[in-house]
2 protein chains.
Amino acid sequence: MAAQTNRRELAHPSRVEIRLEDVLHALSDPQRLRIVCEVAREAEGLTCSQVGLPVAKSTLTHHFRVLRECGVVQQVYRGTAKMNRLRREDLEVLFPGLLDGVLRAARAQAGRGAG
Amino acid sequence: MAAQTNRRELAHPSRVEIRLEDVLHALSDPQRLRIVCEVAREAEGLTCSQVGLPVAKSTLTHHFRVLRECGVVQQVYRGTAKMNRLRREDLEVLFPGLLDGVLRAARAQAGRGAG
DNA sequence: GCACTAGTACGATACCTTTCGTATTACGCT
DNA sequence: AGCGTAATACGAAAGGTATCGTACTAGTGC
């Protein structure tokens, strides 16, 4: 009935509401950093449960919410699942080069056998 | 007892010990982000008290210690003061572009009137 | 030696976070 | 309608963190 995409709307910060500290904080959690790396790999997005993380479902929900509320990911309901996508464009406009820098750094570190 | 530069030696992580999550966590605190921006401006480094932050002295010490222990700044005693410098080279080798990306983002955000 | 300055250590407080389990809601399919 | 799946909400436990004040240590200069 509703309009946009679905009945259930999710609260996302607008572009100008995104704060660097919040983004950095969100990315500073090892689990969330992994989530972001995985989501980044899929341009189409991932559902929450497609991210293979060794945590309880409610914990996963928590992490995705943190990522959404700080503006790192966009979440859209799609049937019973929820698609997660990085807000690449918003982040790029606000903080040019930052996201890619973090992703590259995360992969480099994982490559060194630390992730 | 040792000799390197001064009697009082400070524990710094070696380059390979620096972890991305810790760096991001350190930078995600507003006060520390400000500290880093200020220190970044001075190639010579700054003493702890030269950073004009509206916090107690012991709080400042705490923040500098976090920054040192995660590998973002190098601290060296210089008489009664302590010089703080960014570990630009180490960070650049480990996480190319990351530090500059964060600094640019922080300044951009401050420029938008949020910092 | 003494006072001054720069910074540390320690303990307390208040708050925030990560994690979990369980109960619940929303949707798709038969 | 009923079942299964995806995810949320809520409450609890455990641990971390930002902040402060006060007491302390280490150099500098008189």
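Letters A, B, ... mirror the listed sequences (proteins, then strands); counts begin at 1. Scope of the values below: all heavy atoms of this structure, side chains included, with no hydrogens, waters or symmetry mates.
Comparing A/His63 and B/Thr47 against DNA chain C, the residue whose closest nucleotide sits nearer the 5' end is B/Thr47. Toward the 5' end of DNA chain D, the nearer of the two residues B/His25 and A/Leu10, judged by each one's closest nucleotide, is A/Leu10.
One can place CZ of B/Phe64 at 15 Å from P of C/dA9, the figure rounded to the nearest angstrom. Atom pair B/Leu27:CG and D/dA18:C1' shows a separation of 16 Å (rounding to whole Å applied). If you measure from atom CD of B/Glu69 to atom P of D/dA18, you get 12 Å, rounded to the nearest angstrom.
Within the nucleic acid shown, A/His62 comes within 4.0 Å of at least one base atom, counting heavy atoms only. Contact annotation for B/Val55: backbone-only contact, meaning every heavy-atom pair under 4.0 Å involves sugar-phosphate atoms and none involves a base.
Looking at the side chain of B/Ser49, the nearest of the listed nucleotides C/dA9, C/dT5, C/dG7 is C/dG7. Among C/dA9, D/dA7, D/dC20, the nucleotide with an atom closest to any side-chain atom of B/Ala56 is D/dC20.
When the side-chain nitrogen and oxygen atoms of B/Arg78 are compared with OP1 and OP2 of C/dA6, none of them lie within a distance under 4.0 Å. Regarding contacts with the backbone of C/dG7, every side-chain N or O of B/Gln75 stays at 4.0 angstrom or more from both OP1 and OP2. Side-chain nitrogen and oxygen atoms of A/Thr59 include at least one within less than 4.0 Å of the OP1 or OP2 phosphate oxygen of C/dC20.
Side-chain contact between A/Met83 and A/Gln75 is absent, with no heavy atoms from C-beta onward closer than 4.5 Å. Within the 4.5 Å cutoff, no side-chain heavy atoms of A/Leu27 are placed close to those of A/Arg32.
Shortest non-hydrogen contact noted between B/Leu86 and B/Leu103 is CD1-CD1, 4.4 Å.
We find that A/Arg19 and A/Asp22 are not joined by a salt bridge, their nearest charged nitrogen and carboxylate oxygen being 4.0 Å or further apart.
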